[in-house]
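Read the structure below first, then the notes.
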2 protein chains.
Amino acid sequence: MEAASGSTSISSDRLARLTGHTAAQVRRDLAYFGNFGKRGVGYSVADLSNQLGSIVGIDHNWNMALIGVGNLGKALLAYRGFEQRGFKIVGAYDNDARKIGSTVSDLTVEPLSKLSGSVKKLDVQLAIIATSAESAQEVLDLSINCGIMAVLNFAPVRLTAPEEVQIANVDLTVEVEYLSYWLTRK
Amino acid sequence: MEAASGSTSISSDRLARLTGHTAAQVRRDLAYFGNFGKRGVGYSVADLSNQLGSIVGIDHNWNMALIGVGNLGKALLAYRGFEQRGFKIVGAYDNDARKIGSTVSDLTVEPLSKLSGSVKKLDVQLAIIATSAESAQEVLDLSINCGIMAVLNFAPVRLTAPEEVQIANVDLTVEVEYLSYWLTRK
DNA sequence: GGGTGTGAAACTCTTCACAGCG
DNA sequence: CGCTGTGAAGAGTTTCACACCC
């Protein structure tokens, strides 16, 4: 029991413990993608890594444009998590003259007018909107015009876009409200 | 149709349009908290606001401590959304000597050693961890020692805490991976 | 024995559709 | 008539439990 961390296999039970799910859940989810677990042994760590990598798109290496270089934008540029999982921020854009030309995390901030060209040149598929709520919709429209089909939105507004463009909203208050709810029930 | 925005009532249908859900969903969710809708009319905007406010805890006005004043921490301090919904950041903490004493969004950054005292003095119930992944667990343990029972974690690590402490994790990569998945299926 | 993969049961969430109230 | 509240159906998810393979 409690195999060394250098072990070549891992059981659904242990995966469950690590990810905060149940063993049955892990098994069902993994079985959905085909059965690459060995009975009596577990899942080969190497296989798991490969399989999940290709499913989730790590083999694709997406390029992202960050729009809005405020504190949040800077935090996202510095955030290591994206790159680790195959998402790379290749351009930073802002319309604030004081920011344009400055360097943040190895990227030079460019005016929004440069976005269109960069999308083609740098092969950008994804935009991150980290602007104020007021500018967000305008920035989204522009991004779509530039050919971007998927957007991660941090601005606290509900944006409207055509069906074929996918928007994921990150609302920081949702989690806090959950905690609040929990605290009052205690 | 399309009542003026000064209207005193709003229908489930319109709420659905605004929030991106279905009318049935809205009705069921609201009915769960007791029936304060009027048939043939809709929901009184004033009632809605009161009811939801008390459910979600806006009447409680929670005080939060922010730990880790990097770019992300600064972004959270500047973020208006929290205060709007009754969450107030009343203290900012960091162990970086260069940051201690500086002022960010009207708060003076204090060393972590001051946390314990502040929790009591400022009546803090909630901590936000915006430190590096390496420091996060240590900071969490300290927070719990100070009597904090609910934590919002932005560090990209899975933290361990006793059952009675509630942790909400914000993982910025989850949403991007969803977009990635969607892009590959297109 | 150990641990996967999977039917079946239990549960939760969503949608439909309509009775009934204002 | 318009719109809520809700039973009932449907869809999706989680859990149980066990046959089966290594």
Side-chain angles (χ1 to χ4, degrees), chain A residues 1-56 158 163 166-169 171 174-175 177-178 181-182 185, chain B residues 1-56 158 163 166-169 171 174-175 177-178 181-182 185:
Chain A
M1 227 230 141
E2 200 64 13
S5 57
S7 172
T8 177
S9 284
I10 188 164
S11 69
S12 58
D13 197 47
R14 230 146 108 61
L15 277 169
R17 221 79 65 75
L18 290 169
T19 58
H21 298 87
T22 70
Q25 224 166 13
V26 169
R27 287 206 299 281
R28 186 150 317 261
D29 288 354
L30 291 180
Y32 176 77
F33 298 113
N35 15 356
F36 50 95
K38 280 190 182 45
R39 297 174 189 230
V41 182
Y43 299 87
S44 148
V45 172
D47 276 13
L48 252 182
S49 170
N50 283 340
Q51 292 285 339
L52 293 183
S54 65
I55 288 157
V56 117
R158 193 157 286 274
E163 279 287 315
Q166 195 67 12
I167 299 184
N169 292 290
D171 182 351
V174 170
E175 309 288 340
E177 300 216 313
Y178 167 71
Y181 184 81
W182 184 85
R185 294 312 88 169
Chain B
M1 227 231 143
E2 201 63 11
S5 58
S7 171
T8 177
S9 284
I10 187 164
S11 69
S12 58
D13 197 47
R14 233 148 104 63
L15 278 170
R17 221 79 62 77
L18 290 169
T19 58
H21 298 86
T22 70
Q25 225 166 12
V26 169
R27 288 206 299 280
R28 195 167 288 280
D29 288 352
L30 292 179
Y32 176 77
F33 298 114
N35 17 358
F36 50 94
K38 281 188 182 45
R39 293 169 194 236
V41 183
Y43 300 87
S44 147
V45 173
D47 276 14
L48 252 182
S49 169
N50 285 337
Q51 293 284 340
L52 292 184
S54 64
I55 289 157
V56 117
R158 193 156 287 273
E163 279 287 315
Q166 196 66 12
I167 299 184
N169 292 291
D171 182 350
V174 170
E175 310 288 341
E177 300 217 313
Y178 167 70
Y181 183 80
W182 184 86
R185 282 332 76 171

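Here is the naming used below: chain letters follow the sequence lines, and residue numbers restart at 1 for every chain. Source: prediction; values computed, not measured.
No hydrogens or angles were tested; on distance alone, a donor-acceptor pair under 3.5 Å links the side chain of A:Arg28 to the base of C:dG7.
Residue B:Tyr32 contributes atom OH, which lies 15 Å from atom P of D:dG7 at whole-angstrom precision. Atom CZ in B:Arg14 sits about 17 Å away from atom C1' in D:dT4, given to the nearest Å. Counting to the nearest Å, the P atom of C:dG3 and the CG atom of A:Asp13 are 8 Å from each other. Here the C1' atom of nucleotide D:dC3 and the CZ atom of B:Arg17 are 14 Å apart, to the nearest Å. For the pair B:Asn35 CG and D:dG7 P, the computed distance is 12 Å after rounding to whole Å. The CZ atom of B:Arg27 sits 7 Å away from the C1' atom of D:dC3 (whole-angstrom rounding). At whole-Å resolution of the value, CD1 in B:Ile10 and P in D:dG2 are 18 Å apart. Rounded to whole angstrom, the span from the CG atom of B:Leu48 across to the P atom of D:dT4 amounts to 10 Å.
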What verdict does the side-chain contact (heavy atoms from CB on, under 4.5 Å) test give for A:Leu52 and A:Leu30, after you've listed the backbone C-alpha separation in whole Å, the side-chain angles of each residue and the deciding distance to 0.1 Å? CA-CA 9 Å; A:Leu52 293 183; A:Leu30 291 180; 4.3 Å; yes
With side-chain contact (heavy atoms from CB on, under 4.5 Å) as the criterion, how do A:Val45 and A:Thr8 come out once you've worked through the C-alpha distance, each side chain's angles and the decisive distance to 0.1 Å? CA-CA 6 Å; A:Val45 172; A:Thr8 177; 5.7 Å; no
Let's go through B:Leu48 and B:Leu15 carefully: what are the C-alpha distance in whole Å and the side-chain angles of both, what is the deciding distance for side-chain contact (heavy atoms from CB on, under 4.5 Å) to 0.1 Å, and is it a yes or a no? CA-CA 11 Å; B:Leu48 252 182; B:Leu15 278 170; 4.0 Å; yes
Can A:Asp13 and A:Val26 be said to form a side-chain contact (heavy atoms from CB on, under 4.5 Å), step by step? CA-CA 8 Å; A:Asp13 197 47; A:Val26 169; over 6 Å; no
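Closest to the A:Thr22 side chain, of the nucleotides D:dT15, D:dG5, C:dT4, is D:dT15. Each of D:dT15, D:dG5, C:dT14 was ranked by its minimum atom distance to the side chain of B:Gln25; first place goes to C:dT14. Nearest nucleotide to the B:Ser11 side chain, out of D:dT4, C:dT6, C:dT14: D:dT4. Of the candidate nucleotides C:dG22, D:dC22, C:dT6, C:dG22 has the atom lying nearest to any side-chain atom of B:Arg39.
Within 4.0 Å (heavy atoms only), A:Phe36 reaches sugar-phosphate atoms of the nucleic acid but no base atom.
Side-chain N/O atoms of A:Gln51 and A:Tyr43 include no donor and acceptor closer than 3.5 Å.
OP1 or OP2 of C:dG5 lies within a sub-4.0 Å distance of a side-chain N or O belonging to A:Tyr43.
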